[in-house]
4 protein chains.
Amino acid sequence: MQELSKSEIKRNALIKATISLVINNGFHAAPMSKIAKMASVSPGTIYLYFENKQDLINKVYLEIKTAFATHAFANYDATLNVQEGFRNIWFQIADYKLMQIEEAMFLSHCDNTPMIDEDSKKEGIKHLQPLLDLWKRGQEEGVIKNCCPYILYAYTVYPLAFLMNAKQKKDITINEEYIQNAFLLAWDSIKQ
Amino acid sequence: MQELSKSEIKRNALIKATISLVINNGFHAAPMSKIAKMASVSPGTIYLYFENKQDLINKVYLEIKTAFATHAFANYDATLNVQEGFRNIWFQIADYKLMQIEEAMFLSHCDNTPMIDEDSKKEGIKHLQPLLDLWKRGQEEGVIKNCCPYILYAYTVYPLAFLMNAKQKKDITINEEYIQNAFLLAWDSIKQ
Amino acid sequence: MQELSKSEIKRNALIKATISLVINNGFHAAPMSKIAKMASVSPGTIYLYFENKQDLINKVYLEIKTAFATHAFANYDATLNVQEGFRNIWFQIADYKLMQIEEAMFLSHCDNTPMIDEDSKKEGIKHLQPLLDLWKRGQEEGVIKNCCPYILYAYTVYPLAFLMNAKQKKDITINEEYIQNAFLLAWDSIKQ
Amino acid sequence: MQELSKSEIKRNALIKATISLVINNGFHAAPMSKIAKMASVSPGTIYLYFENKQDLINKVYLEIKTAFATHAFANYDATLNVQEGFRNIWFQIADYKLMQIEEAMFLSHCDNTPMIDEDSKKEGIKHLQPLLDLWKRGQEEGVIKNCCPYILYAYTVYPLAFLMNAKQKKDITINEEYIQNAFLLAWDSIKQ
DNA sequence: TATGAATGAGCGTTCATTCAT
DNA sequence: AATGAATGAACGCTCATTCAT
């Protein structure tokens with residue numbers, strides 16, 4: 001693995017600190033001074049890496065969204081049949097949401113509040129193109145319901161955010177069987 | 001309909017203003033001074049109706065949650081069979097989420113951020129009991145998958161929040177057929 | 001004793017409430033609303049009896065000061081010799097300061113802070129004239145030191161405020177012997 | 001004398017401003033904004049040096065009390081006989097109270113109102129130990145009356161607060177002879 | 001690059017005072 | 001005479017941002 005420069009280390013520390021503070025107390029309880037302290041950096045230093053607080057939040061969002069998409073499609077092979085392809089992606093997404101819980105919580109926060117510029121949100125969505133392509137193929141092959149992708153997303157990926165929150169609050173415990181179950185509902189939902 | 005007293009009118013105006021500001025800009029961008037201005041009231045007046053900002057937010061949350069539950073079960077008849085009962089509730093919920101969009105967005109905000117006391121959240125959940133009872137009956141009758149209610153909720157009600165957000169951003173347009181479609185996915189998801 | 005009119009009862013209740021709140025928490029923790037509540041009166045009503053908060057405080061001060069002076073000279077007989085006359089007044093003052101502790105504490109507060117208009121303070125001092133006259137006579141007779149009355153007051157009456165505070169804080173307990181002792185110091189201090 | 005750092009200069013300016021405003025208008029009329037302005041500093045800056053308003057007041061109190069005690073015992077020599085020792089301390093105290101008038105007025109304010117935490121008051125009292133020790137010795141030698149130290153303090157040190165207030169209001173003018181006189185009353189008061 | 005003291009606008013909240021009833 | 005809801009200026013305090021070092 002490549003060495004990280006001092007700059008990169010600091011930048012990463014700031015991002016980690018931002019995520020941690022925002023998910024635990026919300027945007028309004030994540031002051032720049034605390035972010036700085038948690039990243040072992042002076043408040044002024046943040047402004048060497050980010051234009052301002054909004055920019056920091058936007059950048060954190062985009063980087064996580066990118067990492068999320070990378071993870072989602074890490075094993076994906078476009079030659080798989082539709083169900084196998086979907087299973088493949090869905091389990092990677094579930095794995096991310098339920099294991100990289102801090103990052104996933106941050107995304108959930110952002111997607112449900114006006115924390116993030118609408119522009120950055122649009123930017124972030126682009127990364128999901130392979131999933132949209134797969135669904136389109138599935139619909140052409142008649143194995144997936146003929147719904148717009150928003151509905152398909154709402155009933156397959158979005159529910160994971162709810163389960164993630166419930167897990168975080170210790171309302172539920174998640175194991176292998178639990179996830180298999182959840183996948184079944186996702187697939188039954190959209191399959192033709 | 002009964003006349004509202006001056007007090008009730010003011011209280012309602014404050015609640016409306018709070019909802020409107022929070023969903024458009026988030027908790028941290030809904031200062032008491034703006035809430036007051038939007039409700040055509042002096043800042044000090046808010047404190048005649050609510051103890052402090054947190055209390056205001058909690059009360060708004062609980063009142064909306066109650067109204068939401070009332071709406072959800074307004075037509076519900078416990079003698080209906082499971083599928084009909086579920087359809088009945090689901091459509092009422094969909095109606096609320098997609099028509100009372102401001103209130104529904106507010107609930108979504110609250111459920112995805114630490115804006116609300118955990119106590120108030122717990123309080124708010126109680127209202128959904130009839131739906132949980134229905135699911136239990138469905139499972140006993142073998143018509144609904146044997147999942148914990150969190151999963152059932154995640155795949156039937158929670159997706160509506162996503163569609164609501166998409167509608168709000170004008171990414172999608174929702175009509176009768178669209179909702180019928182969405183219901184189909186919800187039911188296919190949880191049915192045995 | 002004469003019946004009090006409703007007005008007088010309310011006015012007295014307001015004065016009592018003011019004293020009680022000021023001595024327990026200071027001027028800045030005695031809001032008009034609390035004074036009103038403690039006097040079982042509406043905030044607006046205060047302004048029927050007093051012009052504003054400053055006027056209320058001034059009036060309370062003057063009335064207590066008058067009651068204090070009345071008590072101080074209640075038994076005084078100008079035909080007594082100087083030492084007896086002084087003893088007479090001093091014990092009455094001590095009695096007031098150590099028994100009417102709320103009122104005395106209020107006076108102490110006022111005399112050591114800028115709560116009260118300088119005019120009202122000047123007004124309040126006038127009531128002590130008989131004591132000043134006695135001292136003058138004592139000086140003419142050569143039984144009291146030839147000091148200005150400020151010094152005489154500082155070494156005879158003012159020390160009682162300190163003892164009163166100490167008693168209030170339960171640092172000391174005061175009994176008959178204690179007071180006799182205190183008088184001895186007062187007299188030794190000013191006697192020729 | 002050592003140079004003061006910029007920080008120390010600001011801190012001192014804040015303390016001076018606090019004293020000045022409190023003694024002229026009382027605690028409730030010494031808002032942080034005025035303190036800041038008088039110290040030529042922004043309101044936010046106060047909070048770099050003090051935790052909050054109460055902490056500012058407490059710290060000012062304790063620092064003045066310490067300076068006062070230092071002054072009081074600056075010339076004191078425990079080998080002096082009781083009367084000489086007492087004279088020594090008393091004159092130093094008088095010098096402080098009548099010359100460092102702002103600081104002394106501040107202490108008087110604090111000691112007569114609930115401005116200060118009871119803890120800080122207790123802390124502040126400790127500094128007077130040498131005077132208490134001297135009085136004890138005086139009592140053992142039979143030169144000082146057998147009273148509790150509260151009484152001795154009330155008749156020797158406390159009267160100076162009254163004279164200080166009178167001087168401040170220009171009711172009296174104080175010169176060397178005046179102080180010599182005052183000392184005589186103090187000593188006559190407590191001597192056996 | 002990096003710092004952190006300093007800023008000052010803006011926050012949530014209080015409270016002396018008013019006025020329609 | 002009496003109320004108490006309503007006001008809004010002013011409070012204590014926070015925090016995103018700047019800038020001299």
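Since this is a predicted model, take the numbers as computed values, not measurements. Order of the sequence lines fixes the chain letters, A, B, ..., with proteins taken first and strands second; residue numbering starts at 1 for each chain. We use all heavy atoms of the structure for the numbers below, so side chains are in, but hydrogens, waters and symmetry mates are not.
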Find the distance E51(D):CD to dG12(F):C1' and express it as a whole number of Å. 14 Å
Answer with yes or no whether the side chains of N58(B) and Q54(B) bring together a donor and an acceptor at under 3.5 Å. yes
The dot-bracket string of DNA chain F, counting Watson-Crick and G-U wobble pairs with both distances under 3.5 Å, using [ ] for crossing pairs and | for pairs to another strand, is .||||||||||||||||||||
Taking any heavy-atom pair under 4.0 Å as a contact, classify K10(A): base, sugar-phosphate, or nothing. sugar-phosphate
Separation of atom CD1 in I35(D) from atom P in dG12(F), rounded to whole Å: 7 Å
Looking only at side-chain N and O atoms, does D111(B) offer a donor or acceptor that is under 3.5 Å from a partner on Y61(B)? yes
Measure from CD1 on I57(D) to P on dC11(F) and round the result to the nearest Å. 14 Å
dC15(F) OP1/OP2 closer than 4.0 Å to side-chain N/O of Y47(D): no
So CD1 of I19(C) and CG of N24(C): to nearest 0.5 Å the spacing works out to 11.5 Å
5'-most contact on DNA chain E: F27(C) or S7(A), nearest heavy atom basis? S7(A)
Let me know, please, whether A29(A) or I46(C) comes out on the 5' side of the other along DNA chain F by nearest nucleotide. I46(C)
Taken to the nearest whole Å, NE2/H28(D) to P/dC11(F) is 11 Å
Hey, which of D117(D), V22(D), N52(D) is the one that makes side chain to side chain contact (heavy atoms under 4.5 Å, CB included) with I57(D)? V22(D)
Is the phosphate of dA2(F) approached by S42(C) (side-chain N or O, under 4.0 Å from OP1 or OP2)? no
What contact category does F50(B) fall into here, base, sugar-phosphate, or nothing, at under 4.0 angstrom with non-hydrogen atoms? nothing
In whole angstroms, how far is the P atom of dT14(F) from the CG atom of D55(D)? 12 Å
Note, F106(A) side chain near S20(A) side chain (heavy atom, < 4.5 Å): no
Does the side chain of S120(A) pick up a donor-acceptor pair with the side chain of E123(A) at under 3.5 Å? no
Grab the NZ-P distance between K53(A) and dC15(F) for me, whole Å please. 8 Å
K16(A) and salt bridge (charged side-chain N to carboxylate O under 4.0 Å, His left out): which partner among E103(A), E63(A), E102(A)? E103(A)
Answer yes or no: does a side-chain N or O of S33(A) lie under 4.0 Å from OP1 or OP2 of dC15(F)? no
Taking the side chain as every heavy atom from C-beta outward, state whether K121(D) and K65(D) have any pair of such atoms under 4.5 Å apart. no
Separation between the P atoms of dT1(E) and dT21(F), rounded to whole Å: 22 Å
Let me know the distance between CG of N25(D) and P of dA10(F), rounded to the nearest Å. 15 Å
Separation of dC13(F) atom P from K34(D) atom NZ, nearest Å, is 17 Å
Leading and trailing nucleotides of DNA chain E with any atom under 4.0 Å from heavy atoms of chain D: dA5(E) to dG8(E)
Of all the choices, dA2(F), dA16(F), dC13(F), which nucleotide is nearest to the side chain of P43(D) once you look at every atom? dC13(F)
Please identify which of these residues, L56(B), I46(B), I23(B), meets the side chain to side chain contact (heavy atoms under 4.5 Å, CB included) condition with T18(B). L56(B)
Expected list for residues 25-42 of chain D: side-chain donor-acceptor pairs under 3.5 angstrom, two or more places apart:
residue : atom : partner : partner atom : Å
S42(D)  : OG   : G44(D)  : N            : 3.3

Toward the 5' end of DNA chain E, which comes first, S40(A) or A30(B), by nearest nucleotide? S40(A)
On DNA chain F, nearest-nucleotide positions of G44(D) versus Y49(C): which is more 5'? Y49(C)
